[in-house]
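Here is the structure we will look at, set down as structure tokens.
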Number of protein chains: 2
Amino acid sequence: MTGRSYGHYCPVARTLELIGERWTLLIVRELVLGPMRFTDLHGALPGIPRNLLSDRLRDLEAHGLVARRTLAPPAARTVYELTDAGRGLVPVIADLARWGLSHPDPPRPDEEVSPAMAVLAGLAAHVRPGPANGDETYRLEVDGREFTLRLAGGDLTFESGGTEPDLVVSTSAAVLLRLRAGAEPVAKAKAAGRIRFAPDDPVRIRRFLDRFALPTPTARQRKERA
Amino acid sequence: MTGRSYGHYCPVARTLELIGERWTLLIVRELVLGPMRFTDLHGALPGIPRNLLSDRLRDLEAHGLVARRTLAPPAARTVYELTDAGRGLVPVIADLARWGLSHPDPPRPDEEVSPAMAVLAGLAAHVRPGPANGDETYRLEVDGREFTLRLAGGDLTFESGGTEPDLVVSTSAAVLLRLRAGAEPVAKAKAAGRIRFAPDDPVRIRRFLDRFALPTPTARQRKERA
DNA sequence: CCGCATCCGTTTCGATACTG
DNA sequence: CAGTATCGAAACGGATGCGG
């Protein structure tokens with residue numbers, strides 16, 4: 001038991017006792033995108049001391065939000081992954097991202113941009129309900145890290161690959177954030193090679209931008225007309 | 001600048017720098033329900049030291065999440081209220097409440113139940129989109145504190161009174177939580193006088209329970225049929 | 001009663017060094 | 001690679017005290 005109690009019988013306080021400590025929610029954010037090993041986690045969270053990461057993982061495991069799994073002998077390694085309970089925190093993280101994006105603040109000197117947060121913040125926070133009929137799968141390649149996003153109805157889940165994606169998007173975390181902020185039009189980034197789509201199919205690209213509510217000329221016009 | 005930086009250019013991390021410290025979100029939770037004075041806030045948050053409350057309010061004000069307003073001479077007092085930016089955090093709080101409610105944990109000895117959290121956690125976290133046509137206004141009287149909730153479409157806002165409510169609900173925070181948890185049927189609580197409705201109109205009561213997704217026999221049957 | 005400042009023991013954080 | 005151990009620096013918790 002590490003998270004100090006608030007002494008309130010309150011769901012909000014209870015939850016904060018579990019995930020309200022420094023770094024905890026950022027660790028969860030990383031794990032949302034898939035299981036990770038200790039060192040990779042440490043690398044994905046610049047600035048976190050290893051002992052704190054160790055402590056947090058222990059607490060998260062004790063509270064059933066994270067599970068450790070030991071991989072089979074060939075690559076015998078321990079990985080940390082979210083439990084279902086842990087995945088239940090995704091809306092919280094998405095809301096925090098939404099809030100942050102709606103109160104922009106330019107990057108400060110020496111700040112690092114992580115691919116995971118670009119994916120989650122730039123995309124996951126703004127999923128729009130799509131056509132009820134079709135599922136879509138996207139593969140994001142962000143600064144060398146790969147994420148597979150599956151959209152079914154209004155729900156977004158992350159997969160560890162396997163499924164053949166409808167569209168592969170390759171870009172950098174910084175560009176993803178610039179797109180989200182509307183600081184750079186998609187067309188321009190594409191022309192400059194800062195974002196690539198495969199296949200280069202306008203219909204699929206448009207649907208991708210639409211589902212993730214990325215600013216497009218059309219979206220802007222739609223807004224102005226309203 | 002008090003919230004230590006994470007050194008990440010990430011909306012989630014940025015937001016956590018502002019509201020990730022201990023007590024901060026609970027203070028915001030209280031203020032969601034309306035402007036409050038220092039001492040009332042202190043009373044509504046059992047266990048918080050006054051100096052911490054003071055510190056947090058200062059930080060929140062510095063970051064534009066909270067504004068202090070001095071009331072007119074007759075009752076010349078300072079009140080703290082959320083800014084629009086601060087109100088933007090409501091979804092975060094609602095998600096935390098939702099998560100907490102879905103991972104129940106019985107009350108621990110010596111824990112206090114606050115009316116505000118019962119309102120927010122028990123009701124606000126589960127608002128169902130209602131009929132697009134009609135707005136509804138409810139007055140909650142919880143352990144002596146009054147809250148006016150206005151529902152317009154899927155949006156919930158809190159008012160400081162004035163509007164004539166469609167329904168007045170009087171109960172205690174504990175009962176509200178028990179209803180939410182399905183630990184006690186509404187009918188039983190009503191019969192025992194633990195919750196009162198005015199006017200005692202079945203149609204309005206049903207709509208109230210429906211909009212806030214409180215477990216009702218009908219809702220349960222609906223679930224089982226599905 | 002209100003809001004805040006000060007003091008002080010305890011807990012947490014964070015940087016570095018260290019071990020299997 | 002995957003953590004532990006240690007230790008100084010902050011932050012926190014709680015008890016005051018002090019002007020409005």
Handout entry: Check ion pair Arg69(B)-Glu61(B) (N to O, under 4.0 angstrom)
Key = no
Problem - Residue list, side-chain hydrogen bond (donor to acceptor under 3.5 Å, both in side chains) with Arg87(B), at least two apart or on another chain - result: Asp84(B)
Grab the N/O contacts between the protein and nucleotides 17-20 of chain D below 3.5 Å, and write none if there aren't any.
from, atom 1, to, atom 2, distance (Å)
dG17(D), O6, Arg50(B), NH2, 3.2

Exercise for the section: Counting heavy atoms from C-beta on, name the nucleotide in dG13(D), dC12(D), dG3(C) closest to the side chain of Pro49(B). Expected result: dG13(D)
Fill in the blank from the handout: salt bridge (Lys or Arg N to Asp or Glu O under 4.0 Å) filter on Glu112(B), not counting sequence neighbours, yields none
Handout entry: Among dG14(C), dG3(C), dT4(D), the nucleotide that comes nearest once only the side chain of Arg4(B) is considered
Key = dG14(C)
Practice task
In whole angstrom, give the distance that lies between atom CG of Leu53(B) and atom C1' of dC12(D).
Solution key: 14 Å
Return a table of donor-acceptor pairs under 3.5 angstrom between the side chains of residues 91-103 of chain B and protein atoms on other chains or two or more places apart.
from, atom 1, to, atom 2, distance (Å)
Asp95(B), OD1, Arg98(B), NE, 3.4
Asp95(B), OD1, Arg98(B), NH2, 2.7
Arg98(B), NH1, Ala125(B), O, 2.0
Trp99(B), NE1, Ala85(A), O, 2.9
Ser102(B), OG, Arg98(B), O, 3.3
Ser102(B), OG, Trp99(B), O, 2.8
His103(B), ND1, Trp99(B), O, 2.9

Handout entry: Phosphate contact (dG13(D) OP1 or OP2) by Trp23(B) side-chain N/O below 4.0 Å
Key = yes
Completion exercise
Atom CD of Glu21(B) and atom P of dC13(C) are separated, to the nearest Å, by 11 Å
Handout entry: Pairing residues for Arg180(A) by the side-chain hydrogen bond (donor to acceptor under 3.5 Å, both in side chains) criterion, not counting sequence neighbours
Key = none
Problem - Protein-nucleotide distance (Leu26(B), atom CG; dG13(D), atom P), rounded to Å - result: 11 Å
Exercise for the section: Indicate whether OP1 or OP2 belonging to dA11(D) is found under 4.0 Å from a side-chain N or O atom of Arg22(A). Expected result: no
Problem - N-O pairing of Glu17(A) and Arg108(B) below 4.0 Å - result: yes
Completion exercise
the helix from dC1(C)-dG20(D) to dG20(C)-dC1(D): angle between terminal helix axes, five bp per end, to the nearest 10 degrees, reads 30°
Problem - For Thr137(B), all residues meeting side-chain hydrogen bond (donor to acceptor under 3.5 Å, both in side chains), sequence neighbours excluded - result: Arg150(B)
Fill in the blank from the handout: Sorted by chain and residue number, the ring pair (Phe, Tyr, Trp, His ring centres under 6.0 Å) partners of Phe158(B) (sequence neighbours excluded) come out as none
May I have the list of side-chain donor-acceptor pairs in residues 38-54 of chain A shorter than 3.5 Å, sequence neighbours left out?
from, atom 1, to, atom 2, distance (Å)
Asp40(A), OD2, Arg37(A), NE, 3.4
His42(A), NE2, Ile48(A), O, 3.1

Fill in the blank from the handout: Under a 4.0 Å heavy-atom cutoff, the residues of residues 36-45 of chain B touching DNA chain D are none
Practice task
State whether Arg56(B) places a side-chain N or O below 4.0 Å from either non-bridging phosphate oxygen (OP1 or OP2) of dA11(D).
Solution key: no
Exercise for the section: Determine, for Glu184(A) against Arg194(A), whether the closest basic-nitrogen to carboxylate-oxygen distance falls under 4.0 angstrom. Expected result: yes
Problem - Between dT11(C) (P) and Asp59(A) (CG): distance, integer Å - result: 16 Å
Problem - Residues that Tyr9(A) engages under ring pair (Phe, Tyr, Trp, His ring centres under 6.0 Å), provided they are two or more places apart - result: none
Practice task
For Leu52(A) and dT16(C), give me the distance from atom CG to atom C1', rounded to whole Å.
Solution key: 14 Å
Problem - No-H, no-angle donor-acceptor pair, Asn51(B) side chain to dT6(C) base, under 3.5 Å - result: yes
Problem - Atom pair distance, as rounded to whole Å: CZ in Arg58(B) and C1' in dC2(C) - result: 14 Å
Problem - Whichever of Arg68(A) and Gly47(B) has its nearest DNA chain D nucleotide further upstream toward 5' - result: Arg68(A)
Practice task
Could you tell me whether the phosphate oxygens of dG13(D), OP1 or OP2, come under 4.0 Å of any side-chain nitrogen or oxygen in Tyr6(A)?
Solution key: no
Exercise for the section: Measure from CG on Asp55(A) to P on dA5(D) and round the result to the nearest Å. Expected result: 11 Å
Exercise for the section: Could I get the full list of side-chain hydrogen bond (donor to acceptor under 3.5 Å, both in side chains) partners for Glu146(B), not counting sequence neighbours? Expected result: none
Completion exercise
Whichever of Ile48(A) and Leu57(B) has the more 5' nearest nucleotide on DNA chain C, that residue is Leu57(B)
